[in-house]
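Notes to accompany the following structure.
Just so we're clear, the structure is a prediction, and the values are computed from it rather than from any experiment. Lettering of chains follows the sequences in order, A, B, ..., and the numbering in each one begins at 1. Note that these values count all heavy atoms, side chains included, but never hydrogens, waters or copies made by symmetry.
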Amino acid sequence: MPELPEVEVVRRGLQAHVVGRRIDSAIITGPRAARRHLAGAADLADRLAGKDVTAARRRGKYLWLALADREGRAQALVLHLGMSGQLLVSDAGTTTPRHCHAVLRFGDDGPDLRFVDPRTFGGLALAEVDAQGIPAPVAQIAADPFDPAFDQESVVRRLKARQTAIKRALLDQRLVSGIGNIYADEALWRAALHGERRASALTRPVLRRVLDHASDVMGEALEQGGTSFDAMYVNVNGASGYFDRSLNAYGQQGRPCARCRTPIRREEFMNRSSHYCPRCQPRPRATR
DNA sequence: CGTAGATCCTGTTAGC
DNA sequence: TGCTAACAGGATCTAC
């Protein structure tokens, strides 16, 4: 599932293959893909035509293409991959894949950009940007750990005020962005913390540690994902090698914990799976 | 406002 | 072999 490292791999692909080109036309076929663009799919396609792509940026799991019109006015095409979104750079003649909901065509002879998303949790929207170039829908998203503006002490302060489970807080994109279920479980395993521990009850050093682990695990995934990135195929699965080799908790139920050999457990939490070592990460007492 | 749970969706896989 | 049910989870909406 695309979390920060996978989305960053896609951003780099957009940087390499889309930035500096002028959009000639757009075709938006999936109504759900444009649901965040309130004026509708046809309006979105109209407004994209003729725009220059000036940058490919990211905050957490949100991607956007910075756009400039003929007068140089800035806007942004915000892209979210959801659960299953992919951005493919492919020649216009090639077969359109199943679940392709949007195509950008460019004024040059280069390849198209296609948005493919079977589960349709992702989407595109045109947005206004602020003075820093941040699109309106991204404004309430917190900095991710790789953002120069990331302020760990501020996140720790806010975590100390949260009465909710630490895992839920880590997944709240308004607190710290980029972390999804996989990396939350991995960070909690590394920090030897059960995800249902109350955030406010953890000490500041422990909170710093879990944030550091989240940053580390995503950085390591990015290193591996970045190397297997195919030049012409911008694929959210670029980091899949990481999933095969380096996970200690996520999807490891029944396998021995790498620290203590106790079998990893899987439980339902927040309508999704949580994976943890029952010995290294003991469940909190029934205080919550 | 903070918190918690339900919901959207379809390809893949496990199990009978 | 073929079918069904469970499973995957990011973001948003609603209710309390």
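- With B/dC8, B/dT3, C/dC13 as the candidates, the nucleotide lying closest to the side chain of A/R36 is C/dC13.
- The residue A/R266 sits close only to the backbone: its heavy atoms come under 4.0 Å of sugar-phosphate atoms, none of a base.
- Taken to the nearest 0.5 Å, the CZ atom of A/R265 stands 8.5 Å off from the NE2 atom of A/H194.
- If you check B/dT10, B/dT3, C/dA8 against the side chain of A/R162, the one that comes closest is B/dT3.
- Here B/dC8 presents its P atom at 18 Å from CE of A/M270, a figure rounded to the nearest Å.
- In this structure, A/H99 reaches the B/dG11 phosphate: one of its side-chain N or O atoms is under 4.0 Å from OP1 or OP2.
- One atom, CG of A/D144, and another, P of C/dG10, lie 15 Å apart when rounded to the nearest Å.
- Taking every side-chain heavy atom of A/R168 into account, B/dG5 is the closest of B/dG5, C/dG10, C/dT12.
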- Can you list the steps and then say if A/S177 with A/K61 is a side-chain hydrogen bond (donor to acceptor under 3.5 Å, both in side chains)? CA-CA 7 Å; A/S177 71; A/K61 304 170 198 171; over 6 Å; no
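- Here the closest heavy-atom approach between residue A/I179 and residue A/Q173 is recorded as O-NE2, 3.0 Å.
- With C/dG10, B/dC9, B/dG11 as the choices, the nucleotide that has an atom nearest any side-chain atom of A/K61 turns out to be C/dG10.
- Atom CD in A/Q86 sits roughly 16 Å away from atom P in B/dT10 (whole-Å rounding).
- With hydrogens and angles ignored, no donor-acceptor pair closer than 3.5 Å exists between the side chain of A/R272 and the base of C/dA8.
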- Run the side-chain hydrogen bond (donor to acceptor under 3.5 Å, both in side chains) check on A/Q163 and A/R198 step by step: do they pass? CA-CA 6 Å; A/Q163 300 307 305; A/R198 187 196 298 254; 3.2 Å; yes
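- Nearer to the 5' terminus of DNA chain C, by closest-nucleotide assignment, is the contact made by A/N271 (compared with the other of A/N271 and A/I141).
- For C/dA11, the OP1/OP2 oxygens have a side-chain nitrogen or oxygen of A/Q173 closer than 4.0 Å.
- Across B/dG11, C/dA8, B/dC9, the shortest atom-to-atom separation from the side chain of A/R98 is found for B/dG11.
- Here the nucleotide nearest the side chain of A/R119, chosen from B/dC8, B/dT10, B/dT3, is B/dT10.
- The side chain of A/Y62 sits closest to C/dT12 out of C/dT12, B/dC9, C/dA8.
- For B/dC9, the OP1/OP2 oxygens have no side-chain nitrogen or oxygen of A/S84 closer than 4.0 Å.
- Straight-line distance from the CD1 atom of A/I166 to the P atom of B/dA4: 13 Å, rounded to whole Å.
- Between A/R57 and A/I134, the closest heavy-atom pair is NH2-CD1, 3.8 Å.
- Of the side-chain N and O atoms in A/T164, none sit less than 4.0 angstrom from OP1 or OP2 of B/dG2.
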